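Predicted model, so just to flag it, every value in this text is computed and none were measured. Order of the sequence lines fixes the chain letters, A, B, ..., with proteins taken first and strands second; residue numbering starts at 1 for each chain.
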Amino acid sequence: MTSNANKRYEPVSSKVDFPQLESSVLEAWREADLFHQVDRARAEAPLFVFYEGPPTANGSPGIHHVLSRSFKDVVLRYKTMRGFRPLRRGGWDTHGLPVELEIEKELGISSKQEIEEFGIEEFNRRCRESVFRYVGEWEAMTERAGVWLDMADAYVTYNNSYIESAWWVFRRLWDKGLVYEGYKVTPHCPRCVTSLSSHEVALGYQEDTPDPSIYIRFPASESQSMSYGASVDTLTALGYDGERWTAPRPAFIAWTTTPWTLTANCALAVGPDVSYVLSENDDGERAIVAEALARTVLGDGWRELARCTGADLVGIEYDAPYGDFLARRGHAHRVLPADFVSTADGTGIVHSAVAYGAEDAELGRAHGIETVHTVDNRGVLAEDFPGGGTFVKDADKQLIRDLDDRGLLFRDDSPYKHTYPFCWRCGTPLLYYAKTSWYIRTTAMKDAMLAGNRGIEWVPEHIKEGRFGEWLRNNVDWSVSRERYWGTPIPIWRCDRDPQHLLVAGSTADLAERVTDETRPLLDGLDLHRPFVDRVELRCAEAGCGGTMRRVPEVADAWYDSGAMPFAQWDYPVTVKASGGEEVTLNGVDDLIASPLFPADYITEAVDQTRGWFYSLLALSTLITGKPSYESCLVLGLILDGKGEKMSKSKGNVVDPWAVMNEHGADALRWYLFTAAPAGDARRFSPDLVKETLRQFLLTLWNTYSFYVTYANIDGFDPDAHAEYWKDGRVGEPTLAAPPPNELDRWIVSELNGLVARVADDMDALNATGAGRRIQDFVNLLSNWYVRRSRRRFWKAENDDDKTWAYVTLYSCLHTLTKLTAPMTPFVADAMFRNLAPRNEGASEAERVVPGQAGTPSGSPTSVHLEPFPDTDPALTDERLDRAVRLAMRIASLGRNARSKSGVKVRQPLARVLVSPRPGDEELLPLIESQVLDELNVKAMEVAEPESLANFTLKPNLPVLGPRLGADMGAARQAIAEADASAVAAALRSGGYGSIELGGFTFEPGDFQIEVEDKPGVAAASEGALLIGIDTTLTPELEAEGTAREFVHRVQNMRKAAGFEIEDRIVTYVVPAPPSVVPAPPSVVPAPPSVIPAKAGTSQPFREEENGGTIRPPSPPGRGAGGEGGSLPPALAAQQTYIRQETLSDALHAAAPPPGAHTEEHEIDGVTLTVGVARAG
RNA sequence: GGGCCACUAGCUCAGUCGGUUAGAGCGCAGUCCUGAUAAGACUGAGGUCCCUGGUUCGAUUCCAGGGUGGCCCA
């Protein structure tokens, strides 16, 4: 052992400022460039591929970004420790409408026309510039949160190389016939004049949106041509004789919340299998609606005249309210069958306008109905109609009035409140609007996507077949084009002579091949963004055409960019290090796909990405390669505020991660995020909970560490000098060379080995929450049982084998904990590791020294992040012992409970504790006897029969009896309740624990459980079948011991109050308090004072010769026992050996304290004493 | 309207493969213990385990329906 002057460890205060500690660790990492050091250390390791879901850096990062980044980091750090080299490349999503809107706001403009007047070139320049305004903030947050992502080498979606690869993907899709131009109805923002993706639409739903709700008459046409296959029988039943109506013309009743779409009505849809009725009222009006809705829609006073199915109605012609407009374009208005018709609401007859509804459009396509607009793309209704020239939502009122005037309005239930989509940025109500758009035919690969999805490891698992699986099963083609400016341009060039002639560029080389001579110079240094790329003209690719091709105006959905990220993040040709350090050159996407860099082993983002990035990644990858681009996906829940509401800028309830990290530290925040709730659950966040985490876990761990360091320094304990305690000399690992002899040590080592194995299992399953909670439980056991119970072993003077074992054990736990926590709390773990790590570690990784780190160049600790994950030794786990110690804790807890009930303080020693263990637990008791005695301050532990401890009643053991007896349970219960519990127990015991008959049932001992009631004389407590009792009988000896302990307790507090050091030896003075008591005669205080040598430790006698060199306790100056007991209170006199030993008193004088001693008055057992303590020597 | 998830103490969360007395931490009240610990232990107050039906000897747990909240989609 080394001397005190050369302390093995940097002293560690139990009071720690974590944010400050983290800053210094961060500084050390920076200096050492640890990030790259770790990467280099794994240069030859197998690759672990991670894809970063690129955040849009056009806003400050929030706490939810710390969440996802932490979960990215924890897995990558863990995998590093498991011997992999993670691909940690960061990325930025830079295109899209949000960026444009930000610039629009800055410029004070709000329409595409204004953008074009302002100039696309300058507009896009500003977009590009704006995106990175917040990048510095993101980078700072990422670093401060201890997240290791390669930000310096991040991919950026606006880079030419990225766009070009995205083009390559597009071209491949085109070549596979997976791209088409479609005429489809899409959610359209009339203000932004652009379609929104479903992801975008989802952002803008608003509940309780009031809309009109009107029921409209669609009278059957005066003349039915029958050319659409109307049934003669049905028409006859409705009153049409083949040439004219013989009865009042019936009207179909349909419901709509968008009156403006009536201007474009072109069909009525009915459910072929739905039952419809023709009804008449007293005024002779005739109406047709679904039978199920007839009463709701029509109300009272209607008689049913006929009924038929929807199929019967098909082909009947009707007069549309604004039929003239469309009729001029050859529209026939007739009833059509459609599966989407339901009778859940409306009338069972659906008004269809193929231009303004997705289902309507499908219906139109199926029946060859031309798409004609009555509204322009700004949402302004054509002049031909009432309200024409105004925005459709404004025109609604005039249209309703007009319909009413013309007798076509059957009912008006306005307003109708429902959930309606609004533009997620500008708040304009969206219109479902038919227009041309470029589509990716994802439906062609739907089965492949579903199959690929089955192979992905989703966490939580329900996402796979639940949310994501459902989404895939309902897959529709991906509308990928946007009529905007700042985005990846769609690489399609169209001929000016024949719009059917198209060319899709997969690279700039493709452009160079067909570029016109006039625009060829533009290719030099071409920015692939608009407007530059728009100026590049190509010679038509169609043979003999001779036309000029110009790019279509659209840009790509930003989800397309991020979905293409696995392919587009590399600037080809690129040389990368694949698994095992092998260098691979990738010349293009095909090389990438064949390389180990594809697919990703792991991705993680929040659940809102299910239909976003998770989908776009899967879709593009499946279309291009036939399989998914990621093999496991951790889906995180959202962070809500303290009230359970989603955090959003507009609500002002966003928590700034900096505030939390500055106050409590990044590790506290990370630990909270990992352990507070399962990763996939939505969680409520509050800074107070982070604080609680800090105290509960980090501080407890830190204090245990501080305890170890303090005493190891005092004792000069150096684990490196005891390498033989560890298997293969691997100092500090959980794998000891042999199980420790002491039960407590053996137990915590067993727990430790079990912990390491289970943490590894959890982390392998992407379950940082489970791993963290296990670690937390272990730290609690370590601190509040192991260390608490072991304290005296560290205090005692001798450096014997038992003490060494205690140090070896505690050291192994702490050193291993730095590794287990390293992925989760990288700062604190590293700070602890650097102080604790063995100095003589010769592993190759450890030889890379952190500059600025104290220590010798070789064999000094570097960083826990260069360490491998610990191994475990199953031979060191002892489940029986684990159970035994938990039993000891239960007994101690029940014993304190019993003491508390009977009012006997733990400080008062008692004779015995009686234990009636659960069947099967008897054998565990000898293992834990000493722990129990000490915890409960009793002299003996005895096994007792339950009836000697308490009265008890029998209860049926339901889990056993239930399955056996089934419906007879009731009778059996009755029989047991009526039996005499003590008699049954005695009978069972006397019969050698055989069976017993009660009420016709045969029971065995295991069929019963006992319930206790207190018995006089014993303080009892029970939990399940475990029953303990404390013998509360006090003898004079026990009372005297109690008094002594009380006295010790007071003196200990005085030591603290006097500011003595832990190892200071003192002299203690005690006299009855003045003035009422006679002063002690001078002769009672001998000079030199008589002393009794103090003992250290609880049981072993202190011997001077074993104490050389240690600082605690110093050699006592005493020279033999002397008595002064006559003047001490008898109880103290009888226990003075014990008192001196506990209080490190060289002498206990029955005398008034000298001046300068710390003096207090204490009342003990009704006597007031003046007590003084002074440093010895 | 549909899908997925959640609902357990004042708060944040465990748990119950159907069984006796449903737990932890924090907070509150009190007691105790303590020379690593702003810590720890014990006691108390605080629970219709969201509701209603069903299955069952027995449901907080399983099933069905409903409610509330969150997310996603119409």
Short N-O contact, A:E470 and A:R473, less than 4.0 angstrom
yes

In this structure, how many angstroms lie between the C1' atom of B:G25 and the NZ atom of A:K691, rounded?
15 Å

Using the C1' atom as the point on both nucleotides, what is the distance between B:G47 and B:U16, in whole Å?
15 Å

Can you check whether A:R896 has a side-chain N or O nearer than 4.0 Å to OP1 or OP2 of B:C32?
no

Starting from the 5' end of RNA chain B, give me the residue, A:R695 or A:V1048, whose nearest nucleotide shows up first.
A:V1048

Using atom CZ of A:R791 as one end and atom C1' of B:C33 as the other, report the distance to the nearest whole Å.
9 Å

Which nucleotide sits closest to the side chain of A:E692: B:A36, B:G25, B:U12?
B:G25

Please determine whether a side-chain nitrogen or oxygen atom of A:R788 lies at a distance below 4.0 Å from atom OP1 or OP2 of B:A36.
no

Should the pair A:W458 and A:F468 be assigned to parallel (<30°), tilted (30 to 60°) or perpendicular (>60°) ring geometry?
tilted

So, is A:Y711 close to the B:A36 phosphate, meaning a side-chain N or O under 4.0 Å from OP1 or OP2?
yes

Of the candidates B:G35, B:C72, B:C5, the side chain of A:R611 sits closest to B:C72

Write down the distance between CG (A:L636) and C1' (B:C71), rounded to a whole number of angstrom.
13 Å

Using atom C1' of each nucleotide, how far apart are B:A39 and B:U34 to the nearest Å?
9 Å

Against the side chain of A:L689, the closest entry in B:U12, B:C13, B:G3 is B:U12

Assigned partner base of B:C7, Watson-Crick or wobble definition, under 3.5 Å:
B:G67

Could you give the distance separating B:A22 and B:A9 at their C1' atoms, to the nearest angstrom?
11 Å

Using heavy atoms to find the nearest nucleotide of RNA chain B for A:T704 and A:G466 separately, return the residue whose nucleotide is more 5′.
A:G466

In Watson-Crick or G-U wobble terms, both distances under 3.5 Å, what is the partner of B:G47?
none

For B:G35, the Watson-Crick or wobble counterpart (both distances under 3.5 Å):
none

Can a side chain N or O of A:S783 be found less than 4.0 Å away from OP1 or OP2 on B:G40?
no

For the pair made of CZ in A:R1045 and P in B:U34, what is the distance, rounded to whole Å?
6 Å

Could you check which nucleotide pairs with B:C42 in any of the strands shown, counting Watson-Crick or G-U wobble with both distances under 3.5 Å?
B:G30

Would you mind telling me which of B:C72, B:G40, B:A39 lies closest to the side-chain atoms of A:D608?
B:C72

Check: A:L699 main-chain N/O paired with A:N703 side-chain donor or acceptor under 3.5 Å:
yes

The nucleotide from B:G25, B:C13, B:U12 with an atom nearest the side chain of A:R684 is B:U12

Nucleotide opposite B:U16 in a Watson-Crick or G-U pair, distances under 3.5 Å
none

Among B:G40, B:A14, B:A36, which nucleotide has an atom closest to any side-chain atom of A:Q696?
B:G40

Can you tell me if NZ on A:K446 sees more than 12 non-hydrogen neighbours from other groups inside 6.0 Å?
yes

Which whole number of Å gives the distance between the C1' atom of B:G10 and that of B:G46?
8 Å

Whole-Å distance between B:A14 P and A:Q776 CD?
12 Å

Report yes if a side-chain nitrogen or oxygen of A:R467 is closer than 4.0 Å to either non-bridging phosphate oxygen (OP1 or OP2) of B:C5; otherwise report no.
no

State whether a side-chain donor-acceptor pair under 3.5 Å links A:Y9 with A:Y708.
yes

Complementary nucleotide of B:C62, counting Watson-Crick and G-U pairs under 3.5 Å
B:G54

Report which part of the nucleic acid A:V787 touches: base, sugar-phosphate, or nothing (heavy-atom distance under 4.0 Å, all strands).
base

Between B:C71, B:A36, B:A14, which nucleotide gets closest to the side-chain atoms of A:V607?
B:C71

Rounded distance (Å) that lies between atom P of B:U43 and atom CG of A:L894:
8 Å

By the Watson-Crick or G-U definition, both distances under 3.5 Å, B:U21 is matched with none

Spacing between A:Y786 atom OH and B:G40 atom P, to the nearest angstrom:
20 Å

Pair A:T443-A:N475, side-chain donor/acceptor within less than 3.5 Å
no

Nearest-angstrom distance from the residue atom CZ of A:R773 to P of B:C13:
9 Å

Expressed in whole Å, how much space separates the P atoms belonging to B:U52 and B:G67?
15 Å

Interatomic distance at P, B:C62 relative to B:G18, whole Å
7 Å

For A:W255 and A:S213: C-alpha separation, side-chain torsions, deciding distance, then whether side chain to side chain donor-acceptor pair (under 3.5 Å) applies.
CA-CA 7 Å; A:W255 174 68; A:S213 168; 2.8 Å; yes

Using a 4.0 Å heavy-atom cut-off across all strands, classify A:P421 as base, sugar-phosphate, or nothing.
nothing

In whole Å, measure the gap between the C1' atoms of B:G15 and B:A59 for me.
16 Å

For a quick check under 3.5 Å, do A:Y432 and A:D360 share a side-chain donor-acceptor pair by atom type?
no

Quote, to the nearest angstrom, the C1' distance that separates B:G19 from B:U61.
11 Å

